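Since the structure comes first, as structure tokens, the remarks are kept for the end.
Predicted model only: the values in this text are computed from it and were never measured. So you know, we letter chains A, B, ... as the sequences are listed, proteins then strands, and number each from 1.
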2 protein chains.
Amino acid sequence: MNAYAEIYKDELLNEVIPFWEKYSLDKDCGGFFTCLTQNGEVYDTDKFIWLQARQVWMFSTLYKSVQKKESWKEMAVSGADFLEKHGRDQKGNWYFSLNQSGRPLVQPYNIFSDCFAAMAFGKLYEIAPEERYKKISTNTFANILKRQHNPKGNYNKAVPGTRNLQNFALPMILCNLSLELEPLLGSDSVTEITDSVIDLVMNTFYDETSGLVLENVSDMGEFIDCFEGRLLNPGHAIEAMWFVMNLGIRKNDKALIEKAEKIMFQQLEHGWDDEHGGIFYFMDVKGYPTQQLEHDQKLWWVHLETLVALAKTYAYNQNPKAANWFKKVHDYTWEHFRDTKNGGEWFGYLNREGKVLLDLKGGKWKGCFHVPRALLEVWKTLKNTAI
Amino acid sequence: MNAYAEIYKDELLNEVIPFWEKYSLDKDCGGFFTCLTQNGEVYDTDKFIWLQARQVWMFSTLYKSVQKKESWKEMAVSGADFLEKHGRDQKGNWYFSLNQSGRPLVQPYNIFSDCFAAMAFGKLYEIAPEERYKKISTNTFANILKRQHNPKGNYNKAVPGTRNLQNFALPMILCNLSLELEPLLGSDSVTEITDSVIDLVMNTFYDETSGLVLENVSDMGEFIDCFEGRLLNPGHAIEAMWFVMNLGIRKNDKALIEKAEKIMFQQLEHGWDDEHGGIFYFMDVKGYPTQQLEHDQKLWWVHLETLVALAKTYAYNQNPKAANWFKKVHDYTWEHFRDTKNGGEWFGYLNREGKVLLDLKGGKWKGCFHVPRALLEVWKTLKNTAI
């Protein structure tokens with residue numbers, strides 16, 4: 001397995017990161033272009049807060065964990081400046097998107113903007129310890145915790161009382177975000193928050209009967225037989241399991257790590273498309289039609305996060321099952337998502353059969369994040385394995 | 001062309017309508033189940049106002065235009081009773097969805113619930129002239145006109161001022177809805193409303209440069225180079241053109257009908273998939289990647305509405321181009337969407353290659369509407385053509 005480390009490192013440093021360095025910087029207005037064609041042409045200039053923040057986090061992380069390259073730090077700072085100047089409303093909530101110059105386009109209906117902003121400024125503070133970066137990160141994090149039980153606020157369209165659902169995404173992200181912010185939040189605070197979200201993820205959203213993680217359960221933690229209640233997102237569940245493994249390692253909790261491994265394999269086996277290969281995007285736990293027309297597509301982040309989860313599992317216990325699955329998912333992912341013609345960033349969206357469906361390198365939901373983060377994680381994780 | 005009339009009539013009366021009669025009635029709570037598997041099994045019991053109302057409209061229309069069958073009227077009345085009892089909030093806005101028993105699930109963020117409710121109660125009033133049906137329809141219609149410039153109200157996530165967009169769907173639907181409600185609204189009122197929406201559809205949303213109808217333009221009517229501004233929905237545009245043809249016939253405006261025909265053909269030629277057949281769901285006017293992952297799928301309503309538009313064109317002027325396109329779209333549609341094994345209602349969602357993607361007969365967005373309405377329209381339109 002450790003032979004993979006070099007391959008992932010090489011792809012990260014010689015293909016993926018140079019693509020974003022070359023094409024994504026907006027020299028006129030600051031911030032990043034993320035809507036890039038396969039050749040790096042900017043086809044849309046809107047700035048999506050998720051992706052702006054994720055790119056700040058990515059370059060800060062590279063500076064911190066790979067090499068003290070000034071241009072990486074400058075990239076991170078330039079994105080952060082743009083976010084600091086334009087990204088929030090008067091209450092400190094992060095918009096969903098801005099136009100090229102930074103004027104707000106879409107209101108802060110989406111709390112994940114805040115999550116990625118907190119993560120970005122937190123990591124930036126580690127490499128550029130300005131008090132204001134720390135403050136932006138911790139204030140934003142406090143605001144997330146305050147909003148966590150009604151993250152959409154006034155934009156929540158559910159009528160209260162009839163069917164109160166809770167969604168998996170925020171607890172899942174908090175597993176990772178809290179750990180990311182430990183240098184700022186302190187250890188006790190992280191323990192308290194993560195114990196509560198681990199319980200949610202591993203007991204409330206994990207459904208013993210099916211052996212799968214549900215995307216939505218009732219506020220009492222029950223399965224609800226409706227479109228949202230039946231929804232599975234295998235990629236989400238698998239990604240969450242490597243977040244939980246990290247928390248298990250932090251707590252030195254062997255049982256937790258093993259439970260995360262078990263759930264990860266169950267999700268992967270259930271989500272794998274035996275006919276065409278790859279992992280489905282959405283499924284219905286009862287096998288009924290999903291609402292999502294894109295349910296059978298193969299998405300880059302699903303596969304990359306699965307590789308991270310498998311690499312972490314293997315590094316922890318050298319389970320040959322993890323090695324076998326890693327090879328299988330690696331082969332599918334590198335063969336289908338990588339752009340063998342142009343190099344650079346990878347493709348993101350394939351149809352069920354594995355053909356490129358949208359030939360963009362970046363868009364409204366795909367930026368400089370899942371590909372480089374996974375390449376970095378796999379590289380760092382596998383380079384220390386014995387074989 | 002007139003040989004098609006019988007085929008469409010037969011499919012409507014012996015396959016599609018019996019399917020909904022047999023499987024969709026909720027005998028316990030009233031209203032209709034629309035989430036039905038290919039065998040008619042109910043896989044979800046939620047009630048979506050769009051679809052409840054459309055089914056009331058459909059059975060009222062069948063009773064009015066096809067045959068005075070008591071069971072059809074009862075079906076319409078039963079759906080209307082459920083809607084009347086449970087469908088609206090205290091201000092008279094229609095919810096988006098209810099649970100099986102009628103408790104509201106999703107708030108009235110979506111004005112199309114109101115459009116289809118107005119249409120349903122208007123048509124029902126024509127076959128069951130109860131004052132309260134008329135009042136529900138006309139009050140709802142007045143409310144739509146009041147809300148038309150900000151149809152999402154508090155649920156509108158756009159920050160005002162940065163990029164004010166107007167969307168094509170409401171003016172398009174008003175072209176049809178006003179005409180549907182003429183018996184209740186009176187002729188002068190319909191003329192006034194439709195003159196204004198025809199102008200919007202044919203001048204503001206129709207883009208001379210590309211020859212295509214844009215889904216979103218600025219509040220000043222300009223093209224905006226962003227995801228929403230570049231978006232095309234060929235099925236929408238083609239459906240709108242048969243609404244406009246009906247209005248042209250009502251006004252005896254030959255130039256308007258011919259312009260609608262011209263735009264319809266431009267859309268169809270641009271939206272047709274030369275490689276696999278069928279009409280794309282979404283496209284980008286500049287050819288860039290769309291936001292919509294389902295962009296290349298083939299949807300039932302797109303093809304059925306196109307058949308209506310082509311039949312109407314042919315009936316109007318016997319243009320052989322309309323006959324040729326009708327045959328081509330007919331062959332694709334009947335071959336791919338019709339369920340040759342089980343009969344009944346048709347499939348709705350195909351992948352680009354024409355393979356069934358979701359094998360449901362009805363769902364959250366597909367009910368008893370586009371298939372039977374189009375079968376009825378084509379039958380009635382073509383049965384009087386000379387050849």
Which residue pairs pass the salt bridge (charged side-chain N to carboxylate O under 4.0 Å, His left out) test with at least one member in residues 95-109 of chain A, sequence neighbours excluded? none

Got a second to check how far Leu232(A)'s CG is from His295(A)'s NE2, nearest 0.5 Å? 13.0 Å

Please classify the contact of Thr45(A) with chain B as side chain, backbone, both or neither, using a heavy-atom distance under 4.5 Å. neither

Leading residue by heavy atom contact count with chain A [cutoff under 4.5 Å; candidates Leu98(B), Val106(B), Leu105(B), Asn154(B)]: Leu105(B)

Please classify the contact between Asn156(A) and chain B as side chain, backbone, both or neither, with a heavy-atom cut-off of under 4.5 Å. backbone

Worked check of ring-ring contact (aromatic ring centres under 6.0 Å, His included) between Trp301(A) and His236(A): CA-CA 9 Å; Trp301(A) 67 266; His236(A) 246 181; 5.8 Å; yes

Would you mind telling me which of Cys35(A), Gly161(A), Gly363(A), Pro104(A) has the largest number of heavy-atom pairs within less than 4.5 Å of chain B? Pro104(A)

Ranked by heavy-atom pairs below 4.5 Å to chain A, first place among Asn99(B), Asp359(B), Leu357(B) goes to Leu357(B)

Calculate, to the nearest 0.5 Å, the distance between atoms CZ and NZ belonging to Arg147(A) and Lys91(A) respectively. 10.0 Å

Given the options Glu353(B), Gln292(B), Gln291(B), Lys152(B), which has more heavy-atom pairs under 4.5 Å with chain A than any of the others? Gln291(B)

Quick check with a 6.0 Å cut-off and a 45 degree axis cone: is Lys298(A) positioned over the face of Tyr281(A)'s six-membered ring? no

Among Arg163(A), Lys364(A), Glu294(A), which has the most heavy-atom pairs under 4.5 Å with chain B? Arg163(A)

Please state whether the side chain, the backbone, both or neither of Arg230(A) comes within less than 4.5 Å of a heavy atom of chain B. side chain

Charged N to carboxylate O below 4.0 Å: is that the case for Asp225(B) and Lys286(B)? yes

Chain B heavy atoms under 4.5 Å from Phe96(A): which part of the residue, side chain, backbone, both or neither? neither

Tyr109(A) versus chain B, the contacting section by heavy-atom distance below 4.5 Å: side chain

Which atoms of Tyr43(A) come close to chain B, meaning under 4.5 Å heavy atom to heavy atom: side chain ones, backbone ones, both, or neither? both

Can you tell if the side chain of His303(B) reaches within under 4.5 Å of the side chain of His336(B), non-hydrogen atoms only? no

Taking every heavy-atom pair that is under 4.5 Å apart, which of Arg352(A), Lys157(A), Glu41(A), Gln107(A) has the most such pairs with chain B? Lys157(A)

Heaviest contributor of heavy-atom pairs below 4.5 Å to chain A, chosen from Thr37(B), Asp284(B), Asp46(B), is Asp46(B)

Interatomic spacing from CD1 in Ile49(A) to OG in Ser97(A) - rounded to 0.5 Å: 7.5 Å

Which value, rounded to the nearest 0.5 Å, describes the distance between Ile144(B) atom CD1 and Cys115(B) atom SG? 4.0 Å

